[in-house]
Amino acid sequence: MSVPGAAATPASVAEAVAVQEELRSRVDLVGPGPAEPATVAGLDVAYAESGDLLAAAVTVLDTRTLAVLDQAVSVGRPAFGYVPGLFAFRELPALLAALDRLNTRPELLVCDGHGFAHPRRFGLACHLGVVTGLPAIGVGKTPLVGDWVPPAVERGAWSALRDGGEVVGRVLRTRAGVKPVFVSVGHRMSLENAAAQVLALTPRYRLPETTRTADRLCRDTLIAAQATAPPATG
DNA sequence: GCGACAG
DNA sequence: ATCTTGTCGC
C-alpha cells in the first residue's frame, strides 16, 4: 500500500538521502508482478529551458493494442535541484499530481529513470512504486551505476548490470543494433518480469511505447503552458 | 585529489 | 532535461 508522507519534498540534500535510506526498506524486489497486465502507465517530465517550469504526463496504454486509454498531466516547478541520485525529488510531486488525475488505475508503472539500479538502491521507480503501492519498473536511457558489457546485437539480448557485487538491473537490447536500455526493478516486480514487460512494450522503437506517449504528451503540455502563461515582459 | 554523475 | 545541422537509412 501507499506510504503517508513518502512524497514530501526534503529541505536539503542530507535530508533527501535520509528519506531514501528510510524508504528503501519498503520496496518489494521480489514481486513477481503481473505476467499479463491489461494496462500499463508511462510517466515522463519535460522542462522549460529556463529551468523553472515543468510539465509531467502519465499515459495509460492497453497492453494488447498499445493504444492510449487514459492520460493526465500537471504543470509546476521542479521540486528539488538536479542532483544525480536524488533525481526523484525533482519530479515526484508533479508526477503524483498527474497520477491523481487519472480516471483509471494502471496495473504497472513504467518510469523514465532507474529503480534499484541506484547508489542507494532507491531510484525514481522505487520511490513511485512505494508511494503509490503499484508495481513499478525503471527504464533508463543511460547508466547511473554499475558495470556491464554490451549485450549481443539482436533484439531481446541482454547482460547483467552489476554494482557493488550484486546484480542491480539488466542491460536490454530492445532493437537490433541499437543502443540498449537499462532496466531495473522499481517495486513489486521481479527483474525477469520487468525485462519481459519492457520487451512487450517495444515492438518497434528503442524506448517503450509508454515512455514515448508520455514524452510527447508532456512536451506538448509544456509548450501549451508557456503559451498560456508567458513570462512578464516589463 | 580526480573522475562520474538517471532527467 | 534542453540547445542544435546535417546526414544516413528504411
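Letters go in sequence order (proteins before strands), and every chain restarts at 1.
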| field | Intra- and interstrand pairs of DNA chain C - dot-bracket, Watson-Crick/G-U under 3.5 Å, | marks other strand | value | ..........
| Would you call the rings of Trp148(A) and Phe182(A) parallel, tilted or perpendicular, where under 30° means parallel and over 60° means perpendicular? | perpendicular
| Can you give the dot-bracket line for DNA chain B, where a pair is Watson-Crick or G-U wobble with both atom distances under 3.5 Å, crossing pairs use [ ], and | marks a partner on another strand? | .......
| query | Is it the case that one hydrophobic cluster holds both Val73(A) and Val40(A), taking links as side-chain heavy atoms less than 4.5 Å apart, direct or via other members? | reply | no
| note | Taken to the nearest whole Å, CD1/Ile223(A) to C1'/dC3(C) is 13 Å
| message | Just to be sure I understand the rule, does Gly85(A) reach a base, reach only the sugar-phosphate, or reach nothing, if contact means heavy atoms closer than 4.0 Å? | response | base
| remark: Correct closest heavy-atom pair for Ala195(A) and Leu172(A) would be O-CD2, 3.8 Å
| message | Distance check, rounded to the nearest 0.5 Å: Arg90(A) atom CZ versus Leu124(A) atom CG? | response | 12.5 Å
| query | Which pairs count as salt bridge (charged side-chain N to carboxylate O under 4.0 Å, His left out) when at least one residue sits in residues 108-133 of chain A, sequence neighbours excluded? | reply | Asp112(A)-Lys141(A), Arg121(A)-Asp163(A), Arg121(A)-Glu166(A)
| said: Counting the atoms with a prime plus P, OP1 and OP2 as sugar-phosphate, which does Leu86(A) contact under 4.0 Å by heavy atoms, base, sugar-phosphate, or nothing? | reply: base
| message | For chain A and DNA chain B, what are the first and last nucleotides along the strand, 5' to 3', with at least one atom under 4.0 angstrom from a heavy atom of the protein chain? | response | dC5(B) to dG7(B)
| d(CG, Leu222(A); P, dT2(C)) in whole Å | 8 Å
| request: Give one of base, sugar-phosphate or nothing for Ala117(A), where a contact means two heavy atoms less than 4.0 Å apart. | output: nothing
| Summary of protein contacts for nucleotides 5-10 of chain C, nucleotide by nucleotide, where a base hit scores B, a sugar-phosphate-only hit scores S (4.0 Å, heavy atoms) | ------
| task | Kindly work out whether a path of hydrophobic side-chain contacts (I/L/V/M/F/W/Y, heavy atoms less than 4.5 Å apart) joins Leu144(A) to Val183(A). | result | no
| Heavy-atom neighbours of Arg216(A) CZ exceed 12 at 6.0 Å | no
| task | Name the orientation class of the two ring planes belonging to Phe80(A) and Phe89(A) (parallel below 30°, tilted from 30 to 60°, perpendicular beyond 60°). | result | tilted
| request: Identify whether any heavy atom of Leu124(A) sits under 4.0 Å from a base atom; if not, whether one sits that close to sugar-phosphate; answer base, sugar-phosphate or nothing. | output: base
| request: Verify, without hydrogens or angle tests, whether His114(A) (side chain) and Gly85(A) (backbone) share a donor-acceptor contact under 3.5 angstrom. | output: no
| field | Electrostatic pair Asp215(A)-Arg219(A), nearest N-O below 4.0 angstrom | value | yes
| said: At 4.0 Å (heavy atoms only), tell me whether Pro143(A) reaches a base, stays on the sugar-phosphate, or touches nothing. | reply: sugar-phosphate
| task | Is it possible for you to say whether Leu66(A) and Val198(A) belong to one hydrophobic cluster, with membership spreading through side-chain heavy-atom contacts below 4.5 Å? | result | yes
| field | salt bridge (charged side-chain N to carboxylate O under 4.0 Å, His left out) contacts touching residues 176-194 of chain A (sequence neighbours left out) | value | Arg170(A)-Glu192(A)
| Going by distance alone, is a donor N or O of one side chain under 3.5 Å from an acceptor N or O of the other, for Thr174(A) and Thr202(A)? | no
| task | Please state how far atom CZ in Arg219(A) lies from atom C1' in dT2(C), giving the value in whole angstrom units. | result | 9 Å
